[in-house]
Q: 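Shown below is the structure under consideration.
Given the structure is predicted, the values throughout are model-derived calculations rather than measurements.
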Amino acid sequence: MFSAKVMGPVSNIYSYSAGSFEERNSKNSLKKITENIRWRDIDADISSQGFVVFSSNREADESIDISRSDEAFDLYLYRGDSTSLRSLTATPQDEMSPKFSPDGTRVAFIRERKTLVVLALGSVNERVQFEAEEILDFDWSPDGKSLAVAARNQKRGEILLLECTRDCLQQRASISELASFLRQSGVQDHSVAQGGCAACGSAVTLAWSPTGDRLAYVFHPDTPAARSLWIMEMTGDPVSSRATVPLQLSAQTHQVQDAPSWSRDGQSLLYAALVDYRFHYDESRHRKVYEGSMQVFIAGLDGKRAALTDKQVAAHAPVFMDSDRVAYLQAEDLSAREYALVIRNLADASEQRIFDGVARGSGLAVRP
């Protein structure tokens, strides 16, 4: 699943079926899920049943209101054809980052960047599970009984574990802390604050391993240091225990972007990172000039890593499709406004360019 650029900020949701060789080369393998020339359809996720949930600023009234100064993103559910498009929320607030529970019966999402909500698809009943000054990301546990949440305020960043008694709908989950980080603005020692706190920052993306025993996160420092990829082991029962000391998987010079993607056996991670990145403003051309590259890497739990793309391209949003293939978005350089969907065979390093015109800010979602 991905968002394709139409014009300006307008985007539609597409799906690509990467099954057998015959299916991959069929015209029916690429499918347009939504079709519009007005709205932004983004943040798509796909369930194990093949349903699609996404966030959109679309409205029933398509007339243009030039006096309008704001917009709201609501959630929509797609069950197989455009006539089955169903509104899940209809509020004046932004509802973003929807993610299906592993069994596909619930959707969790972030409202106004402050509230984590779980919604039942059958009844559309909601349960507010967590509120914070700012929620950056979350992920479901593989059994669907817990949620990991990355949040922050002015003084600290946290990774929290929300454990539900049943389905995360009947009552609020119990909350425990997995990790915490000081924020630069919250450091009391002025000498440290002025000199820069290397460990100050927050986790901005989370990815729970399919095996349930590890949690990966991207740490964003408050100082100019590099964004980095870490994993923590969940000791004992992964949904009722605190995490162990985390291990950094990315290189010290990598500026990690996007959320990492786990292999299905939980032994490897894909991530994208800026390498040798810098930019300057070209006065003669009146534009920013970006230098360096954005590459895709595969890393093992032992800390060994390898680049899958070369330094001549900009590649991001990598995901495992299966044990043999990965997908990512690729462009010629960092200033590109559109990307191409590329599938790479890990065995022979062959690449297949599937679709041009993917929106720059799109991610990739793979059916479980």
Side-chain angles (χ1 to χ4, degrees), residues 2 18 136-137 139 150 201 203-211 213-221 224-233 246-279 290-336 339-354 358 360-366:
F2 58 90
L136 298 158
D137 196 20
D139 200 16
V204 291
T205 63
L206 302 174
W208 210 318
S209 70
T211 50
D213 56 351
R214 293 179 175 87
L215 185 69
Y217 64 92
V218 173
F219 177 76
H220 181 90
R227 286 168 54 120
S228 49
L229 173 62
W230 299 75
I231 58 169
M232 58 173 69
E233 291 189 18
L247 169 70
Q248 183 173 346
L249 288 188
S250 58
Q252 297 291 339
T253 55
H254 288 176
Q255 287 278 3
V256 179
Q257 310 295 303
D258 308 320
S261 172
W262 284 96
S263 60
R264 293 187 178 180
D265 63 3
Q267 296 301 301
S268 302
L269 277 159
L270 292 173
Y271 70 93
L274 291 167
V275 180
D276 301 325
Y277 173 72
R278 56 191 176 278
F279 72 90
Y290 299 92
E291 298 178 352
S293 64
M294 184 154 55
Q295 302 175 43
V296 171
F297 296 86
I298 185 169
L301 300 181
D302 57 1
K304 295 180 180 179
R305 70 188 76 86
L308 297 183
T309 56
D310 61 44
K311 296 182 178 181
Q312 306 305 313
V313 300
H316 78 108
V319 291
F320 278 100
M321 300 185 67
D322 50 41
S323 59
D324 302 315
R325 293 171 298 171
V326 301
Y328 46 83
L329 303 178
Q330 183 172 292
E332 297 304 316
D333 56 62
L334 293 172
S335 62
Y339 280 71
L341 171 62
V342 174
I343 294 179
R344 182 186 182 93
N345 188 302
L346 293 176
D348 60 12
S350 61
E351 291 184 345
Q352 183 181 11
R353 196 180 182 103
I354 303 300
V358 181
R360 180 177 183 174
S362 176
L364 293 177
V366 177

Q: Looking at every non-hydrogen atom in both residues, tell me the closest pair between Leu229 and Ala216 and how far apart they are.
A: CD1-CB, 4.4 Å
Q: With side chains defined as the heavy atoms from C-beta onward, is the minimum distance between His220 and Leu136 less than 4.5 Å?
A: no
Q: Quick check: closest heavy atoms across Leu334 and Ala314, and the distance to 0.1 Å?
A: CD2-CB, 3.8 Å
Q: Is the side chain of Arg344 donor-acceptor paired with the backbone N or O of Val326 at a distance under 3.5 Å, no angle test?
A: no
Q: Within the structure provided, determine whether Leu247 and Ile231 are in side-chain contact (heavy-atom separation under 4.5 Å).
A: yes
Q: Would you say Gln352's side chain and Ser350's backbone share a donor-acceptor pair under 3.5 angstrom?
A: no
Q: Tell me every residue that passes side chain to side chain donor-acceptor pair (under 3.5 Å) with Arg305, counting only those two or more places apart in sequence or in another chain.
A: none
Q: Among all residues two or more places apart in sequence or in another chain, which pass the side chain to side chain donor-acceptor pair (under 3.5 Å) test with Asp137?
A: Lys99
Q: At their closest point, which heavy atom of Val218 faces which heavy atom of Pro260, and how far apart are they?
A: CG2-CD, 4.0 Å
Q: Are the side chain of Gln255 and the backbone of Arg227 linked by a donor-acceptor contact shorter than 3.5 Å?
A: yes
Q: Considering all heavy atoms of both residues, which atom of Ser335 and which atom of Arg360 are nearest to each other, and what is their separation?
A: O-NH1, 4.1 Å
Q: Give the minimum heavy-atom separation between Ala317 and Leu329, together with the two atoms involved.
A: CB-CD1, 4.1 Å
Q: According to side chain to side chain donor-acceptor pair (under 3.5 Å), who are the partners of Ser293, at least two apart in sequence or on a separate chain?
A: Gln295
Q: How many angstroms lie between CG in Leu215 and CH2 in Trp208, if you round to the nearest 0.5 Å?
A: 6.5 Å
Q: Hey, could you give me the CE/OG distance between Met232 and Ser209, rounded to the nearest 0.5 Å?
A: 12.0 Å
Q: Donor-acceptor check, side chain of Thr309 to backbone of Val296, threshold 3.5 angstrom: yes or no?
A: yes
Q: Does the side chain of Tyr217 come within less than 4.5 Å of Pro246's, by heavy atoms?
A: yes
Q: Could you check whether any side-chain heavy atom of Leu308 comes within less than 4.5 Å of a side-chain heavy atom of Leu270, counting everything from C-beta outward?
A: yes
Q: Does some side-chain heavy atom of Ser250 sit less than 4.5 Å from a side-chain heavy atom of Ser228?
A: yes
Q: Give a yes or no answer on whether the side chain of Arg214 reaches the backbone of Ala207 with a donor-acceptor pair at less than 3.5 Å.
A: no
Q: For Phe297, check ring pair (Phe, Tyr, Trp, His ring centres under 6.0 Å) against everything at least two apart and list the hits.
A: His254, Tyr271
Q: Roughly how far apart are Arg353 CZ and Ile343 CD1, rounded to 0.5 Å?
A: 13.0 Å
Q: Under the criterion side-chain contact (heavy atoms from CB on, under 4.5 Å), I'd like the reasoning laid out for Asp213 against Glu233: C-alpha separation, chi angles, the key distance, then a yes or no.
A: CA-CA 6 Å; Asp213 56 351; Glu233 291 189 18; over 6 Å; no
Q: Looking at Gln248, I want to see if its CD is surrounded by more than 12 non-hydrogen atoms of other residues, nucleotides or ligands under 6.0 Å.
A: yes
Q: Could I get the full list of side chain to side chain donor-acceptor pair (under 3.5 Å) partners for Asp322, not counting sequence neighbours?
A: Arg325
Q: Taking the side chain as everything from C-beta on, heavy atoms only, tell me whether Leu364 gets closer than 4.5 Å to Leu341.
A: yes
Q: Closest heavy-atom contact between Asp258 and Ala272?
A: OD2-CB, 4.0 Å
Q: Using the ring pair (Phe, Tyr, Trp, His ring centres under 6.0 Å) rule, collect all pairs that involve residues 302-336, keeping only residues at least two apart or in two chains.
A: His316-Tyr339
